[in-house]
Amino acid sequence: MSIKLPIDIRNVKGFLAPHEGEALYHLAAEASTLGPVLEVGSYCGKSSVYLAAACKLVDSVLFAVDHHRGSEEHQPGEEYHDPELYDDGAQLMDSFRTFRRNIRAAELENWVVPVVAPSAVAARHWNTPLGLVFIDGGHSLEAATTDYRSWTRHIVPGGYLAIHDIFPDPADGGQAPYDIYKLALASGQFELVEMVDTLGVLRRL
Ligand code: SAH
Ligand code: MG
């Protein structure tokens with residue numbers, strides 16, 4: 001089923017294949033009837049547009065958690081550094097301006113709550129049950145494990161956990177997202193729904 005997004009998603013910088021984005025959209029359309037959606041790792045808002053456009057259908061909401069300072073690979077000199085997202089004054093990455101611009105251009109401001117904070121800080125006092133958690137933040141084992149432990153416990157029974165950048169073969173990419181994916185399955189609390197490219201979709205039992 002093809003979907004219609006409020007903006008040309010190709011113009012939003014990011015790290016999400018069209019197939020993965022469409023899968024997120026359909027997932028959020030279903031899951032947001034169970035509770036709000038939360039993503040860790042928004043960057044410039046590519047995944048956020050897919051998720052929030054689906055939330056809009058049922059007037060649910062997306063909590064978009066990101067400190068907007070970039071992951072390891074976005075820092076100056078690293079493989080995915082983008083000088084356009086660098087704040088020269090602060091000498092720090094800052095994807096928040098671009099994120100806001102994209103969410104506004106998509107007219108999704110009423111369905112997105114930006115949470116500009118480290119994931120662990122945002123999670124500290126979190127108490128709201130969630131219909132879908134999408135983990136696409138830092139890719140160190142520590143960051144991914146923290147995201148897993150912080151957020152998956154808030155997923156309602158029947159709700160969903162989606163994890164991006166799953167590479168079963170270490171030759172294809174870092175192993176932390178795959179590690180938390182295996183952690184979820186081994187916990188006995190989740191079952192696999194589908195894999196779409198590198199996106200793993202699990203359901204909370
Ligand atoms: N989902 C995005 C890509 C996210 S890239 C897309 O569709 O294009 C990963 C993002 O995670 C970066 O923007 C980075 O700032 C954020 N991030 C990394 N570690 C984080 C942490 N500990 N807390 C909050 N955000 C984090
Ligand atoms: Mg990713």
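First listed ligand is number 1; within each ligand, the first listed atom is number 1.
Looking only at protein heavy atoms, the nearest one to atom 8 (O) of ligand 1 is Phe15 N, 2.9 Å. If you check which protein heavy atom lies closest to atom 23 (N) of ligand 1, you get Ser119 N, 2.8 Å. Here the protein heavy atom with the shortest distance to atom 12 (C) of ligand 1 is Asp66 OD2, 3.4 Å. Closest protein heavy atom to atom 9 (C) of ligand 1: Asp136 O, 3.3 Å. The shortest contact between atom 19 (N) of ligand 1 and any protein heavy atom is with Gly138 N, 3.3 Å.
Remark: the backbone N or O of Asp87 is not paired with any side-chain donor or acceptor of Gln91 at under 3.5 angstrom. Between the side chain of Glu20 and the main chain of Thr198, a donor-acceptor pair closer than 3.5 Å is present. Panel note: side chain Asn102, backbone Cys44; a donor-acceptor pair is recorded below 3.5 Å. Distance alone, capped at 3.5 Å, is enough to place a donor-acceptor pair between the Gln175 side chain and the Phe167 backbone. The closest donor-acceptor contact from the side chain of Asp66 to the backbone of His68 lies under 3.5 Å. A donor-acceptor pair is defined here as one N or O able to donate and one able to accept, closer than 3.5 Å; such a pair exists between the side chain of Lys46 and the backbone of Ile9.
Between His74 and Tyr43, the ring centre distance stays below 6.0 Å.
Residue Ser48 does not touch ligand 1, judged by heavy-atom distances below 4.0 Å.
Not a single N or O atom of Ser42, backbone or side chain, sits closer than 3.5 Å to an N or O atom of ligand 1. Taking only nitrogen or oxygen atoms, main chain and side chain alike, Pro118 does not reach within less than 3.5 Å of ligand 1. Residue Gly70 places at least one N or O, backbone or side chain, under 3.5 Å from an N or O of ligand 1.
Take the N/O/S atoms of His164: the one nearest the Mg ion (ligand 2) is ND1. Looking only at N/O/S atoms, Asp165 comes nearest to the Mg ion (ligand 2) through OD2. Among heteroatoms of the N, O or S kind in Asp136, OD1 lies nearest the Mg ion (ligand 2).
Ligand 1 has no atom lying under 4.0 Å from any heavy atom of Ala143. Using a 4.0 angstrom heavy-atom cutoff, Ala117 counts as in contact with ligand 1. The closest approach between a heavy atom of His74 and any atom of ligand 1 is below 4.0 Å.
Every atom of ligand 1 with a heavy atom of Gly41 under 4.0 Å away is listed here by number and element: 1 (N), 2 (C), 4 (C), 10 (C), 11 (O). Contact atoms of ligand 1 toward Gly14: 8 (O) (distance under 4.0 Å to a heavy atom of the residue).
Side-chain contact annotation: His139 with Glu73, donor-acceptor N/O pair under 3.5 Å absent. Side-chain contact, Ser119 with Trp151: a donor N or O sits under 3.5 Å from an acceptor N or O.
Proximity of Val121 to Arg124: side-chain heavy atoms (C-beta onward) are separated by under 4.5 Å at one or more points. At a threshold of 4.5 Å between non-hydrogen side-chain atoms, the residues Thr128 and Leu38 do not count as touching.
Among His67, Lys46, Lys13, Glu39, the residue whose heavy atom lies closest to atom 20 (C) of ligand 1 is His67.
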